[in-house]
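Notes follow once the structure below has been shown.
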Amino acid sequence: MDNTSPILPGATIGILGSGQLGRMLALAARRMGYRVHVFSPEQDTPAGQVSDREFSAPYDDLDAVRAFAGTVDAITYEFENVPAATAAACAAIRPLRPGVEALQIAQNRLYEKRFFAANGLPITPFAPVSNLAELQQGLATVGCPAILKTATAGYDGKGQQLITQTGQAQASWEAIGHAPAVLEGYVHFAQELSVIAARGVDGQFVPYDLFANTHRRHILDTSQTPAAVPASIAAQAVDYTQVVMEQLDVIGVLCVEFFLTADGRLLLNEIAPRPHNSGHLTVDACLTSQFEQQLRAVCGLPLGDAACLQPAAMANLLGDLWQNGEPDWASVLRLPGIKLHLYGKKEARPGRKMGHLTALADSAAAAAGQVRQARQRLRGKMNPAR
Ligand code: AMP
């Protein structure tokens, strides 16, 4: 069900998923006078803690999904592994933004690659893999090194195998559990970049400045903006993002992750039809955060100004930081200009995103130095072993 009349403050936003992205959307929505209901299988979640109502039921309990949808005015999702049938059940009752198609493309790496290829968007060579013979054939065409990624349910490097020699094919196929997969050529990138943009019901398109990202163990580690790339590269990345959003008719926020090769070529890696970890610094650094932008788009309101007030950087805080006890919060809160965000997760597991730090500075590089140093302090006094 869709219509273009604006959904005004006082209305209720429904969120499928209940992690930190939902939490930050809920906080932005509440600040603008909206109510928020969240739906996920868990209870006392990062998003549920700051919402008016938390619905807890399995995603495939479509009666519960429909009951949730009936209590809200518009619905969005905060992570892309929400089953398409759940999203479709919501879309039949209330406006679901972005729609089911963007979700389906983003949750399957093969669909995503085919979508990029069909729209002339540059990507690394790839081959679909559904058995060992196809993997061996794929290695012959894609070449080595290559990365084998499960087509679905993979994020933050989960379900990925680096293959450096063809002899590793069988072991890699076993390591991903014989799941349908995509083999893609390894990219010797100079930089990883992302573009986050919002698109309104009327097609208004508002991108943020590019983010330059670093990863550790396949998980985002730091982001900084503006990225140090030539203006022509930045413009090209934004153009590709607009193509993606228009082709998928996305109403909401979407992120495109790119590789930039040493010879200046942009390659699309993947898309996320929602706010993105690389844009968390927009909360502290930009006139309109990515979460407020998502709210405005989902509600059919004019989009905000995405300008960044100052160069900024973000460092993720993973559960590993808790390995030897509670991090030394006071040591970073003592630093002027460092902002601490924690997501209210009760259990700190290695690799789990628990929070982030943001800093603003005269340059993006200086801000990145500050958040890295601040994060180092968290391992300080209370964790002498690290
Ligand atoms: P993904 O889950 O596809 O975003 O992958 C997580 C991270 O793994 C990326 O941000 C890169 O750092 C690395 N990676 C993924 N695919 C490739 C590739 N084809 N070549 C080189 N590095 C990759």
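Ligands are counted one by one from 1 in listed order, and the atoms in each one are counted from 1 as well. Since the model is a prediction, treat every value here as computed from it, not as a measurement.
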### Query
For F205, does the CZ atom have more than 12 heavy-atom neighbours from other residues, nucleotides or ligands under 6.0 Å away?
yes

### Message
Under a 3.5 Å threshold, yes or no: a donor from one side chain and an acceptor from the other, between Q20 and H356?
### Response
no

### Task
Could you see which bit of I147 sits under 4.0 Å from ligand 1, with heavy atoms only: side chain, backbone, both or neither?
side chain

### Query
For ligand 1, which part of N269 has a heavy atom less than 4.0 Å away: the side chain, the backbone, both, or neither?
side chain

### Query
Which of the listed options, R216, H218, R217, holds the heavy atom that is closest to atom 13 (C) of ligand 1?
H218

### Query
Would you say ligand 1 has an N or O under 3.5 Å from any N or O of V187?
yes

#### Entry: Sub-4.0 Å atoms of ligand 1 with respect to non-hydrogen atoms of G185
19 (N)

### Task
Just jot down the ring pair (Phe, Tyr, Trp, His ring centres under 6.0 Å) partners of F259, sequence neighbours excluded, or say none.
F189

### Query
Does an N or O from E184, backbone or side chain, lie closer than 3.5 Å to an N or O of ligand 1?
yes

### Task
Could you pull out, from K149, R109, E112, H188, the option with a heavy atom nearest to atom 16 (N) of ligand 1?
K149

### Query
What residues, two or more places apart in sequence or in another chain, satisfy side chain to side chain contact (heavy atoms under 4.5 Å, CB included) together with P350?
D320

#### Entry: Distance-only polar pair, side chains of S194 and S278, donor-acceptor under 3.5 Å
yes

### Any Y186 side-chain heavy atom under 4.5 Å of V142 side chain
no

### Query
Taking only heavy atoms of E257, which atoms of ligand 1 are found under 4.0 Å from at least one of them?
4 (O)

### Summary
Numbered in order shown, the ligand 1 atoms found under 4.0 Å of a heavy atom of E192 are 9 (C), 10 (O), 11 (C), 12 (O)

#### Entry: T214 versus T222, side-chain donor and acceptor atoms under 3.5 Å
yes

